[in-house]
Every structure is written in C-alpha cells, then in structure tokens.
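Reading through the structure tokens given below for one structure.
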Amino acid sequence: MGRRDLYEDDSEEAEKISNVTLVCSGAPEGLEIRLKTFLAVPRNVEAVMQDPYALWIPVLVESWNMMDDTVWYLQELFGELENVSP
C-alpha cells in the first residue's frame with residue numbers, strides 16, 4: 001500500500017506520509033481499510049510524522065479483532081465439546 005493508494009492525488013498529506021513506511025506481510029484487507037481510515041484524519045497523520053510508532057495503534061487494534069474473531073469461531077466450532085460429559 002503506497003502513498004497513491006492512501007490518497008487519490010499528490011496532496012500535501014500524501015507528501016507528508018511518504019516519509020514513513022509500514023511493511024506488513026500477509027496483512028488482511030481489514031488492516032488496509034483501518035489504516036486508510038486512521039490516516040484520513042489529519043491529526044493522526046501529524047502524530048505518525050512525530051512518532052511513527054503511532055501506526056501500531058491501528059495494527060494492534062486490527063490484530064486484536066482478528067484474534068477475537070478466531071476465538072469466537074473456535075468457540076462455536078468446539079464449544080459443544082466442552083459441555084459434553086463422559
């Protein structure tokens with residue numbers, strides 16, 4: 001996901017964000033959407049430019065959501081086994 005993916009034009013925000021790179025291998029589509037939403041707020045762009053680790057906020061939130069979804073899926077799949085008595 002590059003600068004042009006985040007912004008449709010070469011706006012000032014696009015130039016600012018081009019100084020920070022986040023590499024995510026195998027990132028889900030939800031993370032890309034969350035990052036675009038996060039970076040659509042000018043205050044967040046400023047925060048990232050001051051401290052690039054601010055990009056971890058949407059990454060960690062999306063990771064937590066993925067893990068939560070996985071736990072619920074596994075609970076639905078194996079939940080009945082927990083209630084069966086021998």
Side-chain angles (χ1 to χ4, degrees):
M1 182 170 65
R3 181 181 76 192
R4 291 190 185 269
D5 296 328
L6 292 171
Y7 299 96
E8 296 298 322
D9 57 17
D10 288 325
S11 64
E12 183 178 328
E13 287 81 14
E15 290 301 320
K16 286 181 184 177
I17 202 64
S18 68
N19 295 322
V20 176
T21 302
L22 174 66
V23 177
C24 295
S25 177
E29 185 178 338
L31 177 59
E32 183 177 345
I33 293 167
R34 187 170 296 277
L35 283 172
K36 285 180 180 181
T37 303
F38 180 79
L39 294 172
V41 178
R43 185 179 329 154
N44 291 343
V45 174
E46 292 174 19
V48 168
M49 295 312 297
Q50 291 176 4
D51 182 11
Y53 287 107
L55 279 176
W56 279 110
I57 295 168
V59 171
L60 291 175
V61 169
E62 188 60 31
S63 296
W64 184 89
N65 286 336
M66 287 176 47
M67 293 303 296
D68 188 55
D69 290 344
T70 301
V71 168
W72 280 106
Y73 172 75
L74 291 173
Q75 189 279 331
E76 290 174 4
L77 191 64
F78 297 108
E80 291 298 317
L81 293 175
E82 294 179 352
N83 297 327
V84 176
S85 58

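Every residue two or more places apart in sequence or in another chain that forms a side-chain contact (heavy atoms from CB on, under 4.5 Å) with V23 is listed here: T21.
A donor-acceptor contact shorter than 3.5 Å is absent between the side chain of N44 and the backbone of L39.
Under the 4.5 Å side-chain heavy-atom criterion for ILVMFWY residues, a single connected hydrophobic cluster contains both M49 and W56.
Q50 contributes atom CD, which lies 7.0 Å from atom CD of E46 (distance to the nearest 0.5 angstrom).
Counting all heavy atoms, side chain and backbone alike, A54 lies closest to F38 at O-CZ, 3.8 Å. The shortest non-hydrogen separation linking C24 to L31 is SG-CD2, 3.9 Å. Across every non-hydrogen atom of V59 and L55, the tightest pair is CG2-O, 3.4 Å.
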Residues 67-79 side chain polar contacts: donor-acceptor under 3.5 Å, at least two apart:
| residue | atom | partner | partner atom | Å |
| --- | --- | --- | --- | --- |
| D68 | OD1 | W72 | NE1 | 3.4 |
| T70 | OG1 | M66 | O | 2.9 |

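Residues V48 and Y53 have side chains not in contact (no heavy-atom distance under 4.5 Å, counting atoms from C-beta outward).
Under the salt bridge (Lys or Arg N to Asp or Glu O under 4.0 Å) criterion, the residue pairs touching residues 54-66 are R34-E62, with sequence neighbours excluded.
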